[in-house]
Amino acid sequence: MEAVIRTESISKHYGKLKAVDNVSINVQKGEIYGFLGLNGAGKTTTIRMLLGLIRATAGASYLNGKKVNPGNPLMWENVGYLVEVPYSYPDLTIKENLEIIRRLRFLSDEKSVDRIIEKMQLGQYTDVIAKNLSLGNAQRLGLAKALIHNPDILILDEPANGLDPAGIVEIRELLKDLAVNKGVTIFISSHILGEISKFATRIGIIHEGMLLKESSADELENIRKKCLLVKTNNISEAKEIIEKNGYSANLPENGILEVTGKDALSEPEKISLLLVQSGFAPSLLKVEEEDLETFFLRVINDQEV
Amino acid sequence: MIRRFKMEGFYTALNIEFLKARKSKMFWITIIFFVFISVMMGFLLLVAKHPEIAKNSEIISTKASFIGKTDWPSYFGLLIQFGMALAFVGAGIVTVWVFGREYSDRTIKDILAVPVSRFSIVTAKFLIAFVWSFLLLVIMFFVSVLSGFLVNLEGWSAKLFTHSFVLFTKTSLLTLILLTPVAFITCMSRGYLLPFGFIILTMIVTQFVIIGLKFISPYFPWAIPALITSVAGPSNPQANVLSWIILWATALLGFAGTAAWWRYADQH
């Protein structure tokens, strides 16, 4: 099956600076692709190339099999997008700003503006001029502009910026619904793995312009480090006992033993029994998964090493 | 299908640019500014006719003395000269705003990846800037004529009025088409400062060419409209075929450069 969003060894160099270097991505229909990276990693530059806003130094991008070409306006018919902070015409109201986009998208149904205003919960601000909007509502307006024409492809750059926690959940659910029930292909960038991992079906990590890792949500779950945390009244003795029984144990400065290997994670009760029988009953026994942000930073650090 | 999109695209772009211009404060500010200038022309006429009104203000008296004879033929002559300068500065501001606002408001990215072609948007912007500027100049002309009536100038004739209005329109239109390079500089610099600098510098150089370097004037684009319409005076050389070529080449290069910039340059 042909990828809906595809980049082929795409690069963007500014002199010696490699803003994006040889990035190849394939996003299938109905997928939510989380594009993760720190600030300045190359996320927005990649998105700008996908939208034909800037020209690639090398490589090419394809949307629905068509090569991205700024000279072919027809290819944007079914693409909705939001790049960086959304700005609108400051002296025009929300309705007028959306009316402009409605016309630019050749939408004959005038009600489409009212519908998207309602969907994005901007009803009470319809006649407020854009320069008086809060950051959150400006973001909602930006999303409304991206969604007004019910696109097949959505390219969103940090869409959660400026939204409150309830707004973030609302947008997440909206995007999930679009992908699952309407088959919309979504490419979404963020620097917050915790947020992206809640709904992305696949995640790509970009760092210093290079795509470091690509994994599905399930794979991500598996490759994150996990360990069994153990605390007893004599942690050094407990460590020795655990190691003698074939487990690996690490004792960091916080005094909580990190046990891995063998069946420590699948059957932690065996370790509990072992410690109780040795007279060191555990006061803490907990399976802990590596924090997503720690995982993200570990991937980046591994690459740098 | 593509042709339908091209035509619809241009019509849509024109419609949107008209909406943006109409809803902007800038539209009304420029109208007020041009009406104010025309009313001030009338006031200076009044002072020129009755110097005792401003006998205590040397600044006003000096400005009024530029008007010279206070009759309709002299006044129309002044209006045409004034119109040419204002066509470049005033319409230059309009052009800079129409193109520059997309960069200063950071809305440019919203209009680049849409089904309407960038060429249609650029063309619509030029058309709106052109019509808006011409409207301002026509307003200025008619309000100034009204001011002339209020001051009760002598020597009016319908023939003189028609002749002056045709000349004013011709000079203005020829000057307006030379604003395309201003749009190009605005887009290239993504801001207001450089094009404003260009407008001021071009105006100074044009005056310098017309007054001091007359032999160059048929070949300096922004001096050519004054030669074609004989507004520059009898001491200046006539515009020749090459002048016309240079005039249109400058206008077309400005237009093509702007369109190419939108199409090929990186848009941040």
Structural part of [X] lying under 4.5 Å from a heavy atom of chain A:
X        : answer
B:Ala13  : neither
B:Thr12  : side chain
B:Arg106 : both
B:Tyr264 : both
B:Ile108 : neither

Do you know which two heavy atoms are closest between [X] and [Y], and how far apart they sit?
X        : Y        : answer
B:Ala113 : A:Arg105 : O-NH2, 3.5 Å
B:Arg118 : A:Gly52  : NH2-O, 2.9 Å
B:Thr107 : A:Ser88  : CG2-C, 3.6 Å

Assess whether atom [atom1] of [X] is packed by more than 12 heavy atoms of other residues, nucleotides or ligands within 6.0 Å.
X        : atom1 : value
B:Leu193 : CG    : no
B:Phe36  : CZ    : no
B:Phe33  : CZ    : no
B:Phe18  : CZ    : no

So for [X], is it side chain, backbone, both, or neither that comes closer than 4.5 Å to the heavy atoms of chain B?
X       : result
A:Val85 : backbone
A:Asn69 : side chain
A:Leu53 : both
A:Arg48 : side chain

Once rounded to the nearest 0.5 Å, what's the spacing between atom [atom1] of [X] and atom [atom2] of [Y]?
X        : Y        : atom1 : atom2 : value
B:Leu14  : A:Arg103 : CG    : CZ    : 11.0 Å
A:Ile100 : B:Ile111 : CD1   : CD1   : 9.0 Å
A:Asp91  : B:Lys23  : CG    : NZ    : 11.0 Å
B:Lys109 : A:Tyr87  : NZ    : OH    : 6.5 Å

Chain B contact residues among residues 14-32 of chain A, heavy-atom distance under 4.5 Å: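 Interface residues of residues 14-32 of chain A: A:Tyr14.
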Residues in residues 141-148 of chain A that sit under 4.5 Å from chain B, counting heavy atoms only: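 Those residues of residues 141-148 of chain A which have a heavy atom under 4.5 Å from chain B are A:Lys145.
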Full working for side-chain contact (heavy atoms from CB on, under 4.5 Å) between A:Lys12 and B:Asp266: CA-CA 11 Å; A:Lys12 181 68 183 178; B:Asp266 282 358; 2.6 Å; yes
Criterion side-chain contact (heavy atoms from CB on, under 4.5 Å) on B:Val116 and A:Trp76, from CA distance to verdict: CA-CA 9 Å; B:Val116 175; A:Trp76 308 115; over 6 Å; no
Option that, when pairs with chain B are counted at under 4.5 Å, heavy atom only, ranks first among A:Thr44, A:Ile54, A:Thr45: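 Ranked by contacts with chain B, first place is A:Ile54.
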Expected output: side-chain A:Tyr89 to main-chain B:Arg101 donor-acceptor under 3.5 Å: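 No; zero donor-acceptor contacts below 3.5 Å.
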B:Leu112 and A:Leu51: CA distance, side-chain angles, deciding distance, side-chain contact (heavy atoms from CB on, under 4.5 Å) verdict: CA-CA 8 Å; B:Leu112 291 177; A:Leu51 293 168; over 6 Å; no
